[in-house]
K.L.:
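Questions regarding the structure given below will be posed in turn.
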Amino acid sequence: MCDDKTKGDKSILIMNHTLAHILAYSLQKLFPSIKLYIGPATEEGFYYDFKVPNISVSVDDFDDIKKEMIKIIDLDLKISRSETSFVDSIKGLDDEKGEYKKVILNEIVGKDAVVSSYKMGDFVDICEGPHLSSTGSASKHFYIDTISGAYIRGDSKRDMLQRISVISLGNEKKLKVFLKNRELARQADHRLLNKELDLFVLEPNIIGPGLAMLTENGTVIKSELEFLATEKERRFNLLRVFTPHIAKEKLFLKSGHLPYYKEDMYPPFKIDDEDIYLKAMNCPLHHYIFSRHNRSYREMPIRYTEFSTVYRYEASGSLSGLMRVRAITQNDIHIYSREDQVVEEFRKIIQLHKEYYNLLGIKSEDFFLELSLPDDNKDKFIEDDSEWKKTAEFIREAVKLENIEFKEVQGEAAFYGPKADFQVKSAIGTVYAISTSQVDFAGTKRFDLTFVNDKGENEKVYVIHAAPLGSYERTIGFLTEHFVGAFPLWLAPIQVVVMAVSDKFQSYLNNVFAMVSVEFVNNATRGIRCNIDKSDERLAKKIRNSTRQKVPYIVVVGENEEKSNTVSVRTRGSNKSVSMPLEKFVQMIKSKIESRDINL
RNA sequence: GCUGCUGUAGCUCAGUCGGUAGAGCACUUCCUUGGUAAGGAAGAGGUCGCUAGUUCGAAUCUAGUCAGUAGCACCA
């Protein structure tokens with residue numbers, strides 16, 4: 001997913017890098033006081049970061065910028081390279097306009113390097129290169145896409161610059177296809193689909209930003225996922241527990257989450273002179289359940305799970321529909337394990353993921369696995385080299401045993417241990433962790449989590465944190481986008497809509513409705529979810545309404561059906577209807593629901 | 001949180017130069033009893049996100065604020 005083939009195409013990267021310079025040159029012509037920062041090529045094109053003092057460049061300027069760029073391309077300016085020493089390069093920069101270029105030289109290039117510059121016309125930019133030999137060979141088929149903010153060196157404590165992002169794929173055809181595909185992807189945005197599907201409600205002004213409510217439709221999906229998880233729990237020997245949503249400050253101080261994560265928790269309220277926090281995580285509470293009595297090596301591992309909501313004061317700018325919310329409901333698993341069991345337990349968690357993903361039709365190209373390790377930032381990660389190494393190796397081993405490809409990233413670990421995140425892309429391209437599994441070697445120390453080993457000694461517990469179904473909010477958002485609203489039968493909020501050709505056939509319609517919506521044995525709450533459409537509309541209109549809600553089966557009855565005790569069934573995705581005996585239809589649906597068949 | 005953009009009916013949107021609002025869909029009622037993606041008519045529905053300010057007068061101009069959004073930063 002992340003290593004696509006276009007990435008290896010060097011010539012496009014070179015051209016886009018040259019186009020970035022052309023963009024910068026154009027901007028400099030239009031805004032002479034501009035301070036340029038950096039302009040790399042990306043997978044889809046390139047961008048340039050800059051700041052114009054007292055002026056904010058806007059989308060209204062895009063036309064002018066494009067014209068300037070085309071002009072520079074048409075002039076076919078020669079591009080030449082020159083080299084200078086670090087000191088001369090610094091000296092050569094204007095104090096004002098070169099402010100951010102100096103950042104590059106001082107912080108990225110370094111004193112000992114020879115600094116290369118590329119020149120086109122009267123525009124010179126410090127750059128490693130390589131570049132095209134002249135501007136004329138750059139493609140004019142680029143699309144100035146967005147203007148937004150970006151921090152210097154990605155550091156939120158520094159100045160924010162403006163970033164113009166351009167899509168450039170080398171030719172017109174690729175550009176058109178890209179833009180068209182992106183438009184299609186945007187139609188899969190769960191926020192957009194929600195207008196038809198009516199799964200959730202956000203009332204940021206009244207209830208609060210990031211506090212999502214599920215409607216009766218969304219709640220069906222949540223419940224189905226919960227049934228599924230409950231079934232799996234039994235198979236994987238997970239034990240269900242239950243904990244409160246609030247706790248004293250002491251708990252989170254002990255766990256180490258405070259003061260580390262104070263900013264990310266809702267501010268506390270005072271009761272009897274003590275600060276009470278809304279929980280932002282379940283682990284410390286589960287730890288107390290685990291450690292309520294002494295544990296023998298014989299009973300390990302102990303696997304707890306809880307369906308619970310945690311509250312995180314997520315940054316306002318990061319909130320997005322159901323994908324990033326502030327009240328997060330997870331199926332949160334904590335496995336208390338002996339050292340020699342960690343790999344096997346972690347492996348089981350990966351297997352659990354596989355089972356879920358198979359069932360949901362999520363293929364390996366839909367996600368990627370990221371192994372997150374610490375970097376040398378001592379404020380973010382607990383210091384203990386040997387434990388970090390050991391636990392990272394546990395995860396690598398488990399993941400390798402399950403034959404899943406992964407990539408490793410530094411600096412993304414949890415403060416208490418390395419983690420393996422399943423990452424997915426949303427419809428608009430934002431990457432989200434859909435589930436996370438972590439090995440914790442530190443929390444265990446703080447809570448003195450131990451068991452008595454076969455030598456009668458206290459031995460350290462390793463905790464695996466996992467939420468293989470992610471949060472309901474994000475998972476429902478992701479699944480909505482994944483299926484573009486056309487949920488598999490077992491997840492569909494409404495599985496069948498029955499309607500009659502005219503209300504002459506009311507009684508047969510009622511009969512069919514009663515037969516279809518009958519609940520069945522193995523799980524009473526998993527009967528067939530059937531709606532009856534009694535609206536005074538023409539048949540075509542009723543079909544249209546249900547079709548837009550992506551209802552899997554639309555059942556129509558009239559004179560013919562009544563006579564023969566059949567139904568006319570229109571399956572989602574088809575515009576033809578098939579006649580079949582009522583009994584047969586109900587049986588078919590029943591078995592597909594019970595087996596969680598992905599196909600209709 | 002930062003930068004930009006946006007905020008008019010449940011939804012999608014229109015509203016000229018400042019003169020207290022309009023359409024389509026949805027909703028309600030009536031007509032229509034109609035065989036597979038929009039039948040017709042009428043009606044109801046809005047302190048123009050909120051708060052100040054400018055003005056005789058603000059949906060429209062200004063400031064602040066709340067929220068959404070695109071990125072960036074964050075993401076236990």
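Letters A, B, ... are given to chains in the order of the sequence lines, protein chains preceding strands, and every chain is numbered from 1. Note that the coordinates shown come from a computational prediction; the quantities given were computed from them, not determined experimentally.
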K.L.:
Out of B/G68, B/G34, B/C72, which has the shortest distance to the side chain of A/Y151?
P.N.:
B/C72

K.L.:
Of the nucleotides B/C75, B/G1, B/G34, which one has an atom closest to the side chain of A/D503?
P.N.:
B/G34

K.L.:
If you check the A/R191 side chain, which of B/A67, B/U36, B/A70 turns out closest?
P.N.:
B/A70

K.L.:
Classify the nucleic acid contact of A/G154 as base, sugar-phosphate or nothing, counting any heavy atom under 4.0 Å across all strands shown.
P.N.:
sugar-phosphate

K.L.:
Taking a pair as Watson-Crick or G-U wobble with both distances under 3.5 Å, which nucleotide is matched to B/U6?
P.N.:
B/A67

K.L.:
For the residue pair A/H245 and A/Y311, does the interplanar ring angle fall in the parallel (under 30°), tilted (30 to 60°) or perpendicular (over 60°) class?
P.N.:
tilted

K.L.:
For a quick check of understanding: with a heavy-atom distance under 4.0 Å over all strands, which category does A/L319 fall into, base, sugar-phosphate or nothing?
P.N.:
sugar-phosphate

K.L.:
Is A/R312 side chain donor-acceptor paired with the B/C75 base, going by distance under 3.5 Å alone?
P.N.:
no

K.L.:
What integer number of Å spans the P atoms of B/U16 and B/U33?
P.N.:
45 Å

K.L.:
Once you apply the 3.5 Å cut-off to both distances, tell me the Watson-Crick or G-U wobble partner of B/A44, or none.
P.N.:
none

K.L.:
Considering only atom P, compute the distance from B/U47 to B/U8 and round it to an integer number of Å.
P.N.:
14 Å

K.L.:
For the pair made of CG in A/L161 and P in B/A73, what is the distance, rounded to whole Å?
P.N.:
12 Å

K.L.:
Would you say A/K563 and A/Y508 are linked by a side-chain donor-acceptor pair, where the criterion is simply a distance under 3.5 Å?
P.N.:
no

K.L.:
Whom does B/G35 pair with, Watson-Crick or G-U wobble, provided both distances fall under 3.5 Å?
P.N.:
none

K.L.:
Can you tell me, in whole Å, how much space there is between the C1' of B/G10 and that of B/A26?
P.N.:
7 Å

K.L.:
Name the nucleic acid region contacted by A/I147, choosing base, sugar-phosphate or nothing; use a 4.0 angstrom heavy-atom cut-off, strictly under.
P.N.:
nothing

K.L.:
Using a cut-off of 4.0 Å on non-hydrogen atoms, how would the nucleic acid contact of A/S255 be classed: base, sugar-phosphate, or nothing?
P.N.:
nothing

K.L.:
Using a heavy-atom cut-off of under 4.0 Å over every strand shown, decide if A/E559 touches base, sugar-phosphate, or nothing.
P.N.:
base

K.L.:
Could you check which of B/G39, B/U33, B/C74 has an atom nearest any side-chain atom of A/E537?
P.N.:
B/G39

K.L.:
Measuring only the C1' atom in each nucleotide, how far is B/G57 from B/U20? A whole number of Å is fine.
P.N.:
9 Å

K.L.:
If the P atom of B/A9 is compared with that of B/A23, how far apart are they to the nearest Å?
P.N.:
14 Å

K.L.:
Check the angle between the aromatic planes of A/H465 and A/Y416 and answer parallel, tilted or perpendicular using the 30° and 60° thresholds.
P.N.:
parallel

K.L.:
Check A/Y313, A/Y277, A/F415 against A/Y261 for a ring-ring contact (aromatic ring centres under 6.0 Å, His included) and give me the one that passes.
P.N.:
A/F415

K.L.:
Considering every strand shown, what is the Watson-Crick or G-U wobble mate of B/C72 when both distances are under 3.5 Å?
P.N.:
B/G1

K.L.:
Go through the side-chain N and O atoms of A/S148 and A/Q162 and say whether any donor and acceptor fall under 3.5 Å apart.
P.N.:
no

K.L.:
Scan A/N545 against the nucleic acid and name what it touches under 4.0 Å (heavy atoms): base, sugar-phosphate only, or nothing.
P.N.:
nothing

K.L.:
With the side chain of A/S318 defined as its heavy atoms from C-beta on, choose the nearest nucleotide among B/C74, B/U12, B/A38.
P.N.:
B/C74

K.L.:
Given the ring of A/Y462, does A/K460 sit roughly above its face, with NZ or CZ under 6.0 Å from the centre of the six-membered ring and within 45° of the axis?
P.N.:
yes

K.L.:
Could you check which of B/A73, B/A37, B/G34 has an atom nearest any side-chain atom of A/R538?
P.N.:
B/G34

K.L.:
Would you say a side-chain N or O of A/K541 is under 4.0 Å from OP1 or OP2 of B/A26?
P.N.:
yes

K.L.:
Please determine whether a side-chain nitrogen or oxygen atom of A/K504 lies at a distance below 4.0 Å from atom OP1 or OP2 of B/G34.
P.N.:
yes

K.L.:
Under 4.0 Å: is that the gap between some side-chain N or O of A/R570 and OP1 or OP2 of B/A37?
P.N.:
yes

K.L.:
Report yes or no: is there a donor-acceptor pair, N or O only, under 3.5 Å between the side chain of A/Q162 and the base of B/G71?
P.N.:
no

K.L.:
Applying the 5.5 Å / 30° rule, does A/Y261 stack onto the base of B/A76?
P.N.:
yes

K.L.:
Taking only the C1' atom of each, what is the distance from B/C27 to B/C72 in whole angstrom?
P.N.:
42 Å

K.L.:
For RNA chain B, whose closest nucleotide is more 5', that of A/Y313 or that of A/A413?
P.N.:
A/Y313

K.L.:
The side chain of A/V501 is closest to which nucleotide in this list: B/G1, B/U36, B/G34?
P.N.:
B/G34

K.L.:
If you measure from the C1' atom in B/A21 to the same atom in B/C74, how many Å do you get, rounded?
P.N.:
42 Å

K.L.:
Any side-chain N or O of A/K195 less than 4.0 Å from the OP1 or OP2 oxygen of B/U12?
P.N.:
yes

K.L.:
Is there a donor on the side chain of A/D159 or the base of B/C2 sitting less than 3.5 Å from an acceptor on the other?
P.N.:
no

K.L.:
Both distances under 3.5 Å, Watson-Crick or G-U wobble: report the partner of B/U16, or none.
P.N.:
none

K.L.:
When we call it a touch if two heavy atoms are under 4.0 Å apart, what does A/E561 touch: a base, just sugar-phosphate, or nothing?
P.N.:
base

K.L.:
Of A/D189 and A/D155, whose nearest nucleotide on RNA chain B comes first from the 5' end?
P.N.:
A/D189

K.L.:
Does A/R163 come within less than 4.0 Å of A/D49, counting only side-chain N to carboxylate O?
P.N.:
yes

K.L.:
A/R544 side chain: which of B/A38, B/G35, B/A70 is closest?
P.N.:
B/A38

K.L.:
Could you give the NZ-to-P distance, from A/K425 to B/G71, as a whole number of Å?
P.N.:
12 Å

K.L.:
Take A/F487 and A/L199 through the side-chain contact (heavy atoms from CB on, under 4.5 Å) test and state the conclusion after the steps.
P.N.:
CA-CA 12 Å; A/F487 292 103; A/L199 301 173; 4.0 Å; yes

K.L.:
When all nucleic acid strands are considered with a 4.0 Å heavy-atom cut-off, which category describes A/K419: base, sugar-phosphate, or nothing?
P.N.:
sugar-phosphate

K.L.:
Under 3.5 Å, is there an N or O donor on one side and an acceptor on the other linking the side chain of A/R158 and the base of B/C2?
P.N.:
no

K.L.:
What nucleotide, of B/U3, B/A38, B/G1, holds the atom closest to the side chain of A/A315?
P.N.:
B/G1

K.L.:
At 4.0 Å (heavy atoms only), tell me whether A/N560 reaches a base, stays on the sugar-phosphate, or touches nothing.
P.N.:
base

K.L.:
With a 3.5 angstrom cut-off on both distances, give the Watson-Crick or G-U wobble partner of B/A21, or none if there isn't one.
P.N.:
none

K.L.:
Should B/U62 form a Watson-Crick or G-U wobble pair with both distances under 3.5 Å, which nucleotide is its partner?
P.N.:
B/A52

K.L.:
Please work out if A/S156 contacts a base, only the sugar-phosphate, or nothing of the nucleic acid, heavy-atom cut-off 4.0 Å.
P.N.:
sugar-phosphate

K.L.:
For B/A14 and B/A73, measure between their P atoms and round to the nearest Å.
P.N.:
33 Å

K.L.:
Distance check needed: B/C74 P versus A/E412 CD, whole Å only.
P.N.:
8 Å

K.L.:
For the pair A/E562 and A/K504, find out whether any cationic side-chain nitrogen is under 4.0 Å from an anionic carboxylate oxygen.
P.N.:
no

K.L.:
Which is true for A/Y416 with a 4.0 Å heavy-atom rule: it touches a base, it touches only sugar-phosphate, or it touches nothing?
P.N.:
sugar-phosphate

K.L.:
Using a distance-only criterion (donor-acceptor N/O pair, under 3.5 Å, no hydrogens), is the base of B/U32 paired with the side chain of A/D536?
P.N.:
yes

K.L.:
Kindly indicate whether the side chain of A/T547 and the base of B/U36 share any N or O donor-acceptor pair separated by less than 3.5 Å?
P.N.:
no

K.L.:
Among B/G68, B/C72, B/C75, which nucleotide sits nearest the side chain of A/A150?
P.N.:
B/C72

K.L.:
Any donor-acceptor pair, under 3.5 Å, between the side chain of A/R163 and the base of B/A70, if you only look at N and O atoms?
P.N.:
no

K.L.:
Closest heavy-atom contact between A/V551 and A/R572?
P.N.:
O-CB, 3.7 Å

